[in-house]
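Let me begin by presenting the structure, written as structure tokens, before commenting on it.
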Amino acid sequence: MKVFNTLSRKKEEFKPLVPGQISMYVCGPTVYNYIHIGNARSVIAFDTIRRYFEYRGYKVKYVSNFTDVDDKMINEARAENTTVPKLAERYINAYLEDTEALNVEPATLHPRATHEIKEIIAFVKELIAKGYAYEVDGDVYYRAKKFADYGKLSDQNIAQLEEGASEHINDTEQQRKEDPIDFALWKAQKEPDEIAWDSPWGKGRPGWHIECSVMSTKYLGDTIDIHGGGQDLEFPHHENEIAQSEAKTGKKFVNYWLHNGFVTVGKDQEKMSKSLHNFVTVHDIIKEVDPQVLRFFMASVQYRRQINYSEDNLKQAQVILERFKNTLTNINYRLEDDTASQEDAALKQAVAQTKLKFEQAMDDDFNVQNALTAIYELLPVVNANTNLANVDKTELKQFKKLLCQWLNIFGIDCDKLVATKASAEDEQIDALVKKRDEARKNKDWATSDQIREQLKKMGITIQDTPQGTRWTRD
RNA sequence: GGCGGUGUAGCCAAGUGGUAAGGCAGAGGUCUGCAAAACCUUAAUCGUCGGUUCGAGUCCGACCCCCGCCUCCA
């Protein structure tokens with residue numbers, strides 16, 4: 001199995017530290033607002049990857065943090081006249097609700113920065129002791145140049161970075177640093193009402209990058225298999241994490257760095273972001289769009305590729321899900337009817353071949369497009385079988401099981417996709433269908449069509465097949 | 001300016017040297033009392049120019065467009 005490692009900019013053979021087990025850390029959100037579609041993309045991308053590993057039989061320990069203190073949190077709490085912990089609580093809950101709606105598996109652990117203050121302070125102290133960090137008036141900065149490999153992840157060169165950073169020289173913070181590219185590990189409290197913790201450098205709070213180094217090493221170990229996040233985190237966030245962690249432990253921090261592509265919007269395909277005011281929150285959109293459709297739409301694009309968010313593209317995802325639904329529904333009917341099963345060697349072979357193709361594609365850096373294409377090509381073969389007088393019930397059952405396993409990787413639950421029929425209305429519907437069948441026997445098309453219309457209005461679609469009349473909910 | 005990504009039919013999208021997968025939409029057809037679902041048939045020379053090669057979307061060079069990162073950001 002191969003994954004694209006940002007560190008080498010190449011696809012590499014994936015080998016976990018411990019056979020059969022995977023340690024995975026994914027940078028989570030700063031919880032000062034609802035997550036938008038772009039945030040969801042990252043969550044879904046790595047959930048899909050995780051699920052594929054699990055499909056492949058790996059045991060995955062998956063850690064994803066909440067950044068529950070930083071400048072944005074403090075500002076938003078002030079603006080809303082609330083406290084940082086209350087703000088965090090609200091949006092952590094919202095995050096959990098929204099991602100559940102998108103059928104994202106809960107992380108093995110969801111640590112929070114503010115719950116790790118002791119460890120953060122100890123980590124920073126060690127960096128100071130090793131000469132990688134220094135204190136200035138209650139702030140602590142990381143001495144970037146001291147770390148020989150600084151810039152290796154994002155291919156940045158130090159001189160250029162310094163040039164860029166010097167443009168922000170107006171910042172009072174910049175003037176306190178030894179070097180413009182140094183970054184904060186610990187920030188001194190600025191206002192008396194600002195949330196802060198006691199530390200050897202006075203009251204303050206952690207910088208942004210340090211929390212991930214601390215939580216990743218604490219919960220998963222000094223070296224982990226996979227660290228994920230959006231492409232915009234490559235620099236400086238992940239670069240800084242490497243510098244901090246490797247300076248402290250002297251070991252390689254992460255074996256495989258995986259970065260997901262952005263969600264873009266509009267004709268110009270601009271990145272969805274809060275500063276551009278072009279974002280849609282998950283909280284809002286799932287009131288209008290079936291969360292399954294949103295989930296499938298985002299999971300069906302390979303994680304490194306850009307996703308263009310549009311109604312048309314969402315619609316396409318919906319149409320595909322409907323095809324799956326129809327096929328599964330038809331299979332369910334044929335498995336239940338009383339026709340004899342007849343072996344279909346071609347079908348059996350096609351299913352086996354598709355499994356091979358699917359896994360080959362996914363093994364190649366999670367090439368979901370090719371994996372899905374393999375399934376799309378199989379559908380007509382399966383559908384053709386379900387139309388026969390005698391279907392291959394054994395093989396259809398096997399296909400159904402496989403398809404549901406595959407869809408599960410994309411976060412689609414077969415049971416939800418094909419809603420079960422049990423409902424208070426069922427008897428009434430069955431009675432109407434029966435009445436219509438009698439009308440059809442008498443060639444009373446007017447009555448028959450009128451009942452079909454009536455059912456349509458109830459959200460029921462009728463299908464007349466050689467095996468009898470079926471109905472499904474829309 | 002530095003770093004990275006991208007440009008394939010109306011849309012989504014595979015493809016890493018041998019005469020362009022697949023899906024959606026569209027068109028036509030089969031089945032059906034009519035429908036629904038399904039099935040069958042059907043479209044592009046691959047941003048531009050030049051080079052290497054028997055042969056290039058696929059390698060090399062130049063250029064153009066778009067997007068992102070380089071400051072908070074998934």
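Note on naming: letters A, B, ... go to the chains in the order of the sequence lines (proteins, then strands), and numbering restarts at 1 for each one. Since we're looking at a predicted model, the values are computed, not measured.
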Rounded to the nearest angstrom, tell me the gap between atom [atom1] in [X] and atom [atom2] in [N].
{"X": "A/His259", "N": "B/C3", "atom1": "NE2", "atom2": "P", "result": "19 Å"}
{"X": "A/Arg470", "N": "B/A38", "atom1": "CZ", "atom2": "P", "result": "11 Å"}
{"X": "A/Asp232", "N": "B/C69", "atom1": "CG", "atom2": "C1'", "result": "8 Å"}
{"X": "A/Tyr150", "N": "B/G2", "atom1": "OH", "atom2": "P", "result": "20 Å"}
{"X": "A/Tyr34", "N": "B/A74", "atom1": "OH", "atom2": "P", "result": "17 Å"}
{"X": "A/Tyr309", "N": "B/G68", "atom1": "OH", "atom2": "C1'", "result": "21 Å"}
{"X": "A/Arg304", "N": "B/U6", "atom1": "CZ", "atom2": "C1'", "result": "12 Å"}
{"X": "A/Asp464", "N": "B/G33", "atom1": "CG", "atom2": "C1'", "result": "10 Å"}

Measuring from the side chain of [X] (C-beta onward, heavy atoms only), which nucleotide among [options] has the closest atom?
{"X": "A/Phe235", "options": "B/G1, B/G33, B/C70", "answer": "B/C70"}
{"X": "A/Thr30", "options": "B/G22, B/A74, B/C34", "answer": "B/A74"}
{"X": "A/Gln369", "options": "B/A38, B/A13, B/A74", "answer": "B/A13"}
{"X": "A/Phe262", "options": "B/A74, B/A25, B/C3", "answer": "B/A74"}
{"X": "A/Gln160", "options": "B/G4, B/C34, B/G1", "answer": "B/G1"}

Name the residue closer to the 5' end of RNA chain B, choosing between A/Gln306 and A/Lys11 according to the nucleotide with the nearest heavy atom.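 On the 5' side of the pair lies A/Lys11.
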Which residue lies toward the 5' end of RNA chain B, A/Val319 or A/Gln156, if each is placed at its nearest nucleotide?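 Nearest nucleotide further toward 5': that of A/Gln156.
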Whether [X] contacts [N] is assessed here as follows: a side-chain N or O lying under 4.0 Å from the phosphate OP1 or OP2. Is that the case?
{"X": "A/Arg440", "N": "B/U32", "result": "no"}
{"X": "A/Asn383", "N": "B/A38", "result": "no"}
{"X": "A/Asn313", "N": "B/C11", "result": "no"}
{"X": "A/Asn370", "N": "B/G15", "result": "yes"}
{"X": "A/Arg334", "N": "B/A37", "result": "no"}
{"X": "A/Asn367", "N": "B/G15", "result": "yes"}
{"X": "A/Lys315", "N": "B/A25", "result": "no"}

Span that lies between the [atom1] atom of [M] and that of [N], in whole angstrom:
{"N": "B/C46", "M": "B/A13", "atom1": "C1'", "value": "13 Å"}
{"N": "B/C12", "M": "B/C31", "atom1": "C1'", "value": "30 Å"}
{"N": "B/A43", "M": "B/G22", "atom1": "P", "value": "10 Å"}
{"N": "B/U48", "M": "B/G7", "atom1": "P", "value": "13 Å"}
{"N": "B/G47", "M": "B/U6", "atom1": "C1'", "value": "11 Å"}
{"N": "B/A36", "M": "B/G26", "atom1": "P", "value": "13 Å"}
{"N": "B/C60", "M": "B/G5", "atom1": "P", "value": "13 Å"}
{"N": "B/A44", "M": "B/A9", "atom1": "C1'", "value": "4 Å"}

Is the base of B/G33 stacked against the aromatic ring of A/Trp445, taking ring centres under 5.5 Å apart and planes under 30° as the test?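 Stack criterion met.
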Take atom CD of A/Gln349 as the centre, draw a 6.0 Å sphere, and report whether it contains more than 12 heavy atoms from other residues, nucleotides or ligands.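 No.
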For A/Glu13, does the CD atom have more than 12 heavy-atom neighbours from other residues, nucleotides or ligands under 6.0 Å away?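 Yes - once you tally the heavy atoms of other residues, nucleotides and ligands closer than 6.0 Å, there are more than 12.
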So what does [X] touch, heavy atoms closer than 4.0 Å: a base, only the sugar-phosphate, or nothing?
{"X": "A/Gln231", "result": "nothing"}
{"X": "A/Asn39", "result": "base"}
{"X": "A/Asn308", "result": "nothing"}
{"X": "A/Gly229", "result": "sugar-phosphate"}
{"X": "A/Gly228", "result": "nothing"}
{"X": "A/Lys271", "result": "base"}
{"X": "A/Leu233", "result": "sugar-phosphate"}
{"X": "A/Arg323", "result": "sugar-phosphate"}
{"X": "A/Val26", "result": "nothing"}
{"X": "A/His36", "result": "base"}

What class does the angle between the rings of [X] and [Y] fall in, given that below 30° is parallel, 30 to 60° is tilted and above 60° is perpendicular?
{"X": "A/Phe183", "Y": "A/His209", "result": "perpendicular"}
{"X": "A/His227", "Y": "A/His238", "result": "perpendicular"}
{"X": "A/Trp257", "Y": "A/His259", "result": "parallel"}
{"X": "A/His110", "Y": "A/Phe66", "result": "parallel"}
{"X": "A/Trp406", "Y": "A/Phe358", "result": "parallel"}

Distance-only donor-acceptor test (3.5 Å): side chain [X], base [N]:
{"X": "A/Gln316", "N": "B/C11", "answer": "yes"}
{"X": "A/Asp155", "N": "B/G2", "answer": "no"}
{"X": "A/Ser448", "N": "B/G33", "answer": "yes"}
{"X": "A/Asn157", "N": "B/C3", "answer": "no"}

Apply salt bridge (Lys or Arg N to Asp or Glu O under 4.0 Å) to A/Lys177 and A/Asp139, showing your working. CA-CA 9 Å; A/Lys177 296 180 190 170; A/Asp139 285 346; over 6 Å; no
Let's test this: given Watson-Crick or G-U wobble pairing with both distances under 3.5 Å, identify the partner of [N].
{"N": "B/U6", "result": "none"}
{"N": "B/U41", "result": "B/A27"}
{"N": "B/C34", "result": "none"}
{"N": "B/C59", "result": "B/G51"}

Any chance you could measure A/Arg452, atom CZ, to A/Asp449, atom CG, to the nearest 0.5 Å?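 Reported value, rounded in 0.5 Å steps: 4.5 Å.
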Does any part of the side chain of A/Asn260, heavy atoms only, come nearer than 4.5 Å to the side chain of A/Leu258, both counted from C-beta?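 A/Leu258 vs A/Asn260: side chains apart.
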